[in-house]
Amino acid sequence: MKRLLRFGLVVALLWCLSVTLASTGKACGAGSRESADPKLLIAQADVIVRAVAMTYRGEILLEPDAYRYEPLIEFKVLEILKGEGVPKALHIWGGLSIKDDFNMPGEPFNAIRPSGAEGSCYAYRYKKDGEFLLFLKRSERGLTPYWASMAPANQQLRSADDPWLLWVRNNLGSAAKKQ
């Protein structure tokens, strides 16, 4: 029975992958190596903040005249590393979790955290009350971390002295020159 269940899961996963490839013409990670370069990520982000995932703020309508809503998470901004005019609270689409989702050790990161490598190209889950380093771009809907697929644009931090955070702080000036 377990063997049959595993086989069904593999078939479903392959089908999802084929639909994604057929609809986009390429895998989400293809062509995004440049955006995963940590120094380019710093240079290309409009805003970089350290923030805490607090609670659900509300929902937004994704499609006019449709019944499709997605949750917004409220983040409390603790520190602004780059950018101006950043509000004290950010509202980002995603889901709250009770589980940590740290990237593997080895800063600087050049890959997405584990939950984003599950097929969505972006990490949408955030641990409630967890700290995150968010690399944000301005869009018509506000600031978003979902602009560089498969990149470490919204990493969970272990502390205010997290090696990834320290690396980013130390490389803010040199990354701006690289752009």
Side-chain angles (χ1 to χ4, degrees), residues 1-2 5-6 8-10 12-13 15-17 20 27-29 32 35-36 38 41-42 45 47-63 66-83 86-137 139 141-169:
M1 186 65 175
K2 285 184 179 181
L5 185 59
R6 274 191 227 143
L9 184 59
V10 168
L13 183 62
W15 180 81
C16 288
L17 180 61
T20 300
C28 64
S32 65
S35 65
L41 192 67
I42 293 170
V47 171
I48 302 173
V49 298
R50 181 171 62 97
V52 175
M54 303 296 288
T55 187
Y56 286 113
R57 172 66 176 171
E59 296 179 326
I60 56 170
L61 182 62
L62 288 183
E63 300 169 8
Y67 295 102
R68 184 168 170 212
Y69 292 89
E70 299 293 345
L72 286 175
I73 299 172
E74 183 170 320
F75 285 80
K76 177 182 174 187
V77 175
L78 301 175
E79 177 182 0
I80 301 168
L81 285 82
K82 178 182 176 182
V86 180
K88 293 180 181 180
L90 299 171
H91 302 104
I92 297 172
W93 179 83
L96 288 173
S97 173
I98 59 170
K99 293 171 51 178
D100 287 313
D101 188 26
F102 299 115
N103 211 330
M104 300 298 287
E107 298 72 18
F109 295 134
N110 61 4
I112 196 166
R113 56 192 162 99
S115 69
E118 295 172 354
S120 66
C121 304
Y122 299 96
Y124 295 107
R125 288 191 301 237
Y126 299 88
K127 182 178 182 188
K128 184 175 177 1
D129 299 322
E131 283 191 24
F132 292 84
L133 185 60
L134 305 174
F135 294 77
L136 306 165
K137 276 280 201 191
S139 74
R141 290 188 174 168
L143 294 168
T144 180
Y146 311 125
W147 58 276
S149 69
M150 301 302 288
N154 57 355
Q155 295 297 303
Q156 184 177 356
L157 301 173
R158 288 178 168 81
S159 70
D161 296 323
D162 189 278
W164 173 234
L165 176 61
L166 299 176
W167 188 91
V168 170
R169 282 184 185 139

Task: Rounded distance [0.5 Å steps], CG in Leu133 versus CH2 in Trp164 - done: 7.0 Å
Open item on the list: How long is the straight-line distance from CG of Leu143 back to NZ of Lys137, given to the nearest 0.5 Å?
Closed with: 11.0 Å
Open item on the list: As an exercise, state the distance from CD1 of Ile73 to CZ of Arg57, rounded to the nearest 0.5 Å.
Closed with: 13.5 Å
Open item on the list: Testing Val77, Leu165, Leu134 one by one against Arg50 for a side-chain contact (heavy atoms from CB on, under 4.5 Å), which residue passes?
Closed with: Leu165
Open item on the list: Between Asn154 (side chain only) and Ala123 (backbone N and O only), is there a donor and an acceptor less than 3.5 Å apart?
Closed with: yes
Open item on the list: Just to verify, which of Val49, Ile92, Val47, Leu90 counts as forming a side-chain contact (heavy atoms from CB on, under 4.5 Å) with Pro145?
Closed with: Ile92
- [ ] Tell me, yes or no, whether the heavy-atom count around Lys76 atom NZ, taken from other residues, nucleotides or ligands under 6.0 Å, exceeds 12.
- [x] no
TODO: Evaluate the side-chain proximity of Ile48 to Ile42: yes if any heavy-atom separation is below 4.5 Å, no if none is.
DONE: yes
TODO: Compute both the distance and the angle, then confirm whether Arg158 meets the cation-pi test with Phe132: under 6.0 Å from the six-membered ring centre, within 45 degrees of the axis.
DONE: no
- [ ] Would you please say whether a donor-acceptor pair under 3.5 Å links the side chains of Asp101 and Gln156?
- [x] no
- [ ] To the nearest 0.5 angstrom, please state how far the CD atom of Gln155 sits from the CG atom of Asn103.
- [x] 4.5 Å
Open item on the list: Let me confirm one number: the CZ-CG distance from Arg113 to Asp100, rounded to the nearest 0.5 Å.
Closed with: 10.5 Å
- [ ] Fit a plane to each ring of Tyr124 and Tyr146, take the angle between them on a 0 to 90° scale, and name the class: parallel (under 30°), tilted (30 to 60°) or perpendicular (over 60°).
- [x] tilted
Open item on the list: Checking the side chain of Lys82 only, and the main-chain atoms of Ala45 only, is there a donor and an acceptor separated by less than 3.5 Å?
Closed with: yes
TODO: Indicate yes or no: does Glu79 engage Arg169 in a salt bridge with an N to O separation below 4.0 Å.
DONE: yes
